[in-house]
There are 2 protein chains.
Amino acid sequence: MSKPDDTNTLYFAFFNEVAIVSQLSGRLLESKLPEGFLVSHFAVLNHLVKLGDGRTPLAIARAFQVPKATMTHTLAGLADGGLVRLVPNPEDGRSKRVMLTDKGRRFRDQAIARLKPELERMAQHVDARAIAAALPLLAEMRSYLDAAREE
Amino acid sequence: MSKPDDTNTLYFAFFNEVAIVSQLSGRLLESKLPEGFLVSHFAVLNHLVKLGDGRTPLAIARAFQVPKATMTHTLAGLADGGLVRLVPNPEDGRSKRVMLTDKGRRFRDQAIARLKPELERMAQHVDARAIAAALPLLAEMRSYLDAAREE
DNA sequence: TCCATATGGTTCGATATGGAACTATATAGT
DNA sequence: ACTATATAGTTCCATATCGAACCATATGGA
């Protein structure tokens with residue numbers, strides 16, 4: 001039961017914190033990756049490991065809510081490094097499928113290994129249960145923003 | 001009491017959601033700003049309105065956790081648009097103070113006004129109380145990451 | 001007072017980002 | 001079959017980002 005202005009302030013504060021956490025966590029992760037690799041590279045590899053490869057560039061772009069031009073570039077970087085292979089999609093001549101290479105899997109595993117101590121330290125300061133509790137809200141907000149975007 | 005691997009997964013999921021919400025909210029805000037203005041511009045103006053102007057570029061950079069080179073550029077954009085003025089800092093010859101202009105205040109007010117309907121719709125789908133409940137966690141995570149960064 | 005070092009800010013350069021225009025293929029309607 | 005439209009992906013371009021090197025001023029010894 002707050003006044004509208006307070007509500008605005010609340011949402012602004014929320015988005016502000018989200019932006020800063022995103023900023024800082026990205027930098028932290030990047031500092032653990034080999035020179036020249038970005039969060040986006042890791043995120044895509046991780047996505048493919050977790051959900052399976054063979055997805056199309058567009059599907060991946062949508063999963064991360066980035067423009068497809070951005071994903072083209074990210075995938076090119078991964079392909080340059082031999083971490084994924086782009087193969088034609090037999091089911092659709094316009095499209096491609098993104099396949100993980102062994103090197104890509106190893107890269108992802110190594111990044112996680114290098115991050116592990118960091119996360120363990122983090123878990124001692126920021127309670128995992130609180131993280132778990134906040135996840136549904138973030139997912140809800142994501143899905144709302146995603147829907148709002150297309151209107 | 002979960003296994004370490006699950007904990008890793010949890011934190012990754014959290015940061016992933018945070019990154020996407022940051023991405024989407026930024027785009028949404030930007031779509032309400034005049035051509036050529038970015039979230040970073042709005043964020044700085046809002047910061048100055050809320051906490052008072054006269055701060056130094058470096059102080060603002062730290063508040064948003066961006067490199068100082070980035071803030072130099074953001075402030076240059078704002079100054080170009082006449083939304084802030086950069087004046088010498090009488091207390092420190094190396095430094096400057098960032099002053100809001102009337103135009104800057106109006107710009108910020110208008111952006112908020114244009115965003116208002118959006119936020120009201122949002123509040124009907126994503127409960128303000130959940131937002132309020134999640135804020136402390138985000139702040140805690142921010143502050144942890146911030147501290148971890150400097151080690 | 002001088003020097004060493006630290007700090008605020010800018011410049012430079014290399015790269016990521018994302019919108020718009022484009023190409024190629026697919027699908028739907030006639 | 002033919003045309004119109006939609007969709008996957010790339011290319012192009014303008015701009016944001018950020019690390020590193022740099023300049024100017026400040027501060028703290030000796």
Side-chain angles (χ1 to χ4, degrees), chain A residues 19-20 22-31 33-44 54-81 84-99 149-150, chain B residues 19-20 22-31 33-44 54-81 84-99 149-150:
Chain A
I20 294 175
S22 170
Q23 160 91 356
L24 288 173
S25 61
R27 298 280 206 90
L28 176 60
L29 170 54
E30 230 154 74
S31 75
L33 296 180
E35 179 64 26
F37 287 96
L38 305 173
V39 179
S40 50
H41 294 126
F42 172 80
V44 168
R55 283 150 207 283
T56 67
L58 189 57
I60 302 172
R62 285 212 244 265
F64 289 103
Q65 303 298 355
V66 298
K68 55 188 183 168
T70 302
M71 189 51 62
T72 295
H73 186 260
T74 300
L75 291 173
L78 288 170
D80 279 358
V84 302
R85 269 180 318 130
L86 294 168
V87 303
N89 184 348
E91 292 171 12
D92 187 335
R94 295 167 298 181
S95 168
K96 296 182 177 173
R97 288 155 59 91
V98 183
M99 309 308 292
R149 194 171 60 111
E150 290 169 2
Chain B
I20 295 175
S22 170
Q23 160 92 355
L24 287 173
S25 62
R27 299 279 205 92
L28 176 61
L29 170 54
E30 231 154 72
S31 74
L33 297 179
E35 178 66 25
F37 287 97
L38 305 174
V39 179
S40 50
H41 295 125
F42 172 81
V44 168
R55 282 150 209 284
T56 67
L58 189 57
I60 303 173
R62 285 212 245 265
F64 289 103
Q65 303 297 355
V66 298
K68 56 189 183 169
T70 303
M71 189 51 62
T72 295
H73 187 258
T74 300
L75 291 172
L78 288 169
D80 279 358
V84 303
R85 268 180 317 130
L86 294 170
V87 303
N89 184 349
E91 291 171 11
D92 187 334
R94 295 167 299 182
S95 168
K96 295 181 176 173
R97 287 155 59 93
V98 183
M99 310 307 293
R149 194 171 59 109
E150 290 169 3

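In this text, all values refer to a predicted model and were calculated from it rather than measured experimentally. What's counted below: heavy atoms across the whole structure, side chains too, no hydrogens, waters or symmetry copies. Order of the sequence lines sets the chain letters (A, B, ...), proteins ahead of strands, with each chain counted from 1.
- Remark: the backbone N or O of B:T70 is not paired with any side-chain donor or acceptor of B:H73 at under 3.5 angstrom.
- Side-chain atoms of B:T70 lie closest to D:dC18 of the nucleotides D:dA16, D:dA8, D:dC18.
- D:dA30 is paired with C:dT1 under the criterion used here, namely a Watson-Crick or G-U wobble arrangement in which both key atom distances are under 3.5 Å.
- Using modelled atom types, no side-chain atom of B:Q65 and backbone atom of A:Q23 make a donor-acceptor pair closer than 3.5 Å.
- Protein chain A touches strand DNA chain C; the 5'-most and 3'-most nucleotides with an atom under 4.0 angstrom of its non-hydrogen atoms are C:dA16 to C:dA26.
- Among the protein residues, B:Q23 comes within range of the sugar-phosphate backbone only, with heavy atoms under 4.0 Å from sugar or phosphate atoms but none that close to a base.
- Two residues, A:S40 and A:D92, neighbour DNA chain C, and the one matched to the more 5' nucleotide by heavy-atom proximity is A:S40.
- Between the CG atom of B:L38 and the C1' atom of D:dA16 there is a distance of 7 Å, given to the nearest Å.
- In this structure, B:S95 reaches the sugar-phosphate backbone alone: every heavy-atom distance under 4.0 Å involves primed, P, OP1 or OP2 atoms, never a base.
- A search for side chain to side chain donor-acceptor pair (under 3.5 Å) contacts involving B:S40 returns nothing, not counting sequence neighbours.
- Annotation: side chain to side chain donor-acceptor pair (under 3.5 Å) contacts of A:R94 (sequence neighbours excluded): A:D92.
- Rounded to an integer number of Å, the gap from NE2 of A:H73 to P of D:dT15 is 18 Å.
- Using a 4.5 Å heavy-atom cutoff, the side chains of B:V98 and B:T56 are not in contact.
- Whole-Å rounding puts the B:K68 NZ to D:dA20 P distance at 12 Å.
- Scanning both residues, B:S22 and A:A19, for their nearest heavy atoms gives OG-CA, 3.7 Å.
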